[in-house]
Amino acid sequence: MRILYAASEAVPFAKTGGLADVIGALPKYIHQLGHRCVVLLPRYRGIRSRRVVLPSLTIPMGDSLGFCSIHEAESDSGVRVFLVDQPGYYDRDSLYRHDNVDYADNAERFAFFSLAAVEFAKRAPHAPDVLHCHDWQTALVPVYLKTLYRDDPFFQRTRTLLTIHNLAYQGVFPRTMMRRAALPDSLFDPERLEFYGNVNFLKGGLLFADRLSTVSHRYSQEIRTPEFGCGLEGVLLKRAHDLTGILNGVDYSAWDPSKDPWLAERYASDNLEGKKACKLDLMAEFEIESDPDRPLIGIISRLTDQKGFDLLLEVGEIILQDGVSMVILGTGDEKYSRFFLELQRKYPKFMGVKIAYDEALAHKIEAGSDMFLMPSRFEPCGLNQIYSLKYGTVPIVRGTGGLDDTITDYQALSGNGFKFSHYTSSELLRTVRRALEVYRNPERWQALIRRAMEMDFSWQRSARRYHELYESLILNV
């Protein structure tokens with residue numbers, strides 16, 4: 001099969017979240033199954049190219065024409081990566097926003113990229129069998145293929161798959177963006193792209209893509225309900241037969257404590273001595289009290305309501321007073337940054353905070369913490385709880401989305417973490433205290449750690465699921 005992945009980010013080129021991890025890994029593992037995979041990304045500032053493959057590509061932007069060039073990036077994965085080079089749209093300080101405000105022309109930027117993906121595909125000797133799109137930034141690709149390009153014989157056998165990584169981000173813009181995004185006025189209809197008086201890019205993709213997927217089985221069910229559907233639950237119920245939940249995998253070549261280059265000392269499930277050294281190193285990094293027996297909770301996250309930090313506003317200080325140390329790495333809402341920095345000021349021996357993103361420190365937190373806290377309000381998949389399992393850092397999570405699919409609540413002889421269901425601070429505190437009770441029993445804790453480290457959430461398993469989904473798509477051509 002020939003598969004073209006169109007996405008707005010991918011490691012190691014550009015990253016703001018889990019989407020980048022998926023695009024950095026999934027095509028590589030699909031390629032290993034014998035398929036021809038190509039990735040297309042915007043060429044953001046700082047992304048180096050190996051060569052120019054198309055000096056000029058014309059993009060039909062409604063009443064006008066746009067132009068870009070296509071570069072090929074350096075890649076050692078066996079998957080070819082191409083870049084849409086249009087400096088006016090992509091040569092900026094960040095991917096989507098500046099000073100916490102979305103770029104005013106995001107609708108144009110990603111409509112252009114979606115059209116560029118279609119035009120780029122047309123320059124290949126053969127059409128892609130599957131054009132795999134991701135989130136609102138490329139959700140217009142299926143719309144264009146079934147409207148502007150519906151009579152183009154080149155794409156007669158191409159099928160589209162749209163993956164929802166986070167339904168909360170939909171690409172909602174004023175109606176005036178329709179023309180600037182080369183969208184026919186006929187699409188501004190409640191049964192198509194209209195959404196409470198605005199145009200919704202993701203809604204268009206959900207309606208026009210041949211198949212839909214999301215990043216965990218539980219989340220595929222949740223988003224069909226008013227609680228998690230973000231206003232699109234009706235559309236998703238209508239497309240329920242075409243919606244599949246496939247859990248994201250983990251690239252263990254990058255996340256494995258037995259070979260992680262950023263750790264103070266490496267370790268494995270049959271020899272955990274190195275984890276003790278990693279804990280001491282982490283406490284020194286955050287300049288908190290180096291007591292190896294005091295339980296240490298780690299958090300790596302965007303500091304937003306979605307991630308459950310409103311619960312920690314209520315019980316974070318109580319957790320520290322229960323004899324716990326805590327380290328936090330992340331950026332996000334000012335109210336949460338202020339809260340955690342105030343806790344650090346009040347409890348400098350036991351609270352470490354870094355308001356930033358630091359890849360090396362993220363690995364150190366996964367290895368050096370005893371527990372990893374993810375009390376999310378909703379979580380499409382989540383990756384840190386899976387990294388934590390591999391590092392023997394016991395997850396404490398709320399049972400939602402991918403957290404529910406990957407974490408089984410602790411029992412004496414089973415379970416790989418601690419999980420609560422009701423979204424309340426009292427439930428969170430009760431679950432942390434259950435974890436602390438087991439932590440104080442070294443024999444039970446060590447058994448839990450080893451059980452967690454033996455879990456397999458590799459990309460090989462997830463890639464096979466996508467392979468089956470691609471095959472079912474093209475069999476219906």
Legend entry - Between Phe228 and Tyr219, ring centroids under 6.0 Å: no
Inset, instruction - Can you sort out the partners of Tyr252 under side chain to side chain donor-acceptor pair (under 3.5 Å), two or more places apart, ordered by chain and number? - result: none
Inset, instruction - Count the heavy atoms belonging to other residues, nucleotides or ligands that lie under 6.0 Å from CZ of Arg179, then report whether that count exceeds 12. - result: no
Legend entry - Donor-acceptor contact below 3.5 Å, side chain Ser216 vs main chain Gly402: yes
Legend entry - Arg211-Ser472 side chain donor-acceptor pair, cut-off 3.5 Å: yes
Legend entry - Heavy-atom side-chain proximity of Ile3 to Tyr470 below 4.5 angstrom: yes
Legend entry - Pair Glu379, Thr400: side-chain N/O donor-acceptor within cut-off below 3.5 Å: no
Legend entry - Test item: side-chain donor near acceptor, Thr163 and Ser213, under 3.5 Å: yes
Inset, instruction - Before giving the answer on salt bridge (Lys or Arg N to Asp or Glu O under 4.0 Å), spell out for Asp404 and Arg218 the whole-Å C-alpha distance, their side-chain angles and the decisive distance to 0.1 Å. - result: CA-CA 7 Å; Asp404 197 46; Arg218 174 69 184 272; 2.5 Å; yes
Legend entry - Set of ring-ring contact (aromatic ring centres under 6.0 Å, His included) partners for Phe173, sequence neighbours left out: Trp136, Phe201
Legend entry - Where Ser421 and Arg398 come nearest, the two heavy atoms and their spacing: O-NE, 2.9 Å
Inset, instruction - Kindly check if the number of other-residue, nucleotide or ligand heavy atoms within 6.0 Å of CZ (Arg239) is above 12? - result: yes
Legend entry - Set of side-chain contact (heavy atoms from CB on, under 4.5 Å) partners for Ser220, sequence neighbours left out: Thr214, His217, Arg224, Leu243
Inset, instruction - Classify the side-chain pair Gln385/Thr406 by whether it contains a donor and acceptor separated by less than 3.5 Å. - result: yes
Inset, instruction - Taking the six-membered ring for Trp and the single ring otherwise, decide whether the centroids of Tyr89 and Phe112 are under 6.0 Å apart. - result: yes
Inset, instruction - Name the orientation class of the two ring planes belonging to Tyr387 and Trp255 (parallel below 30°, tilted from 30 to 60°, perpendicular beyond 60°). - result: parallel
Inset, instruction - Evaluate the ring planes of Tyr29 and Trp459, with Trp represented by its six-membered ring, and classify them as parallel (under 30°), tilted (30 to 60°) or perpendicular (over 60°). - result: parallel
Inset, instruction - For residues Tyr96 and Glu9, determine if any side-chain heavy atom of one lies less than 4.5 Å from a side-chain heavy atom of the other. - result: yes
Legend entry - Parallel, tilted or perpendicular: rings of His132 and Tyr466 (30°, 60°): tilted
Legend entry - Side-chain donor-acceptor contact under 3.5 Å, Thr304 with Gln306: no
Inset, instruction - Kindly indicate whether a cation-pi arrangement holds for Arg92 with Tyr103, taking the cut-offs as under 6.0 Å to the six-membered ring centre and within 45° of the axis. - result: yes
Inset, instruction - Evaluate whether atom CD of Glu191 has more than 12 neighbouring non-hydrogen atoms of other residues, nucleotides or ligands under 6.0 angstrom away. - result: no
Inset, instruction - Just say parallel, tilted or perpendicular for the rings of Tyr391 and Tyr267, cut-offs at 30° and 60°. - result: perpendicular
Inset, instruction - Using a cut-off of 6.0 Å, state whether more than 12 heavy atoms not belonging to Arg51 lie near its atom CZ. - result: yes
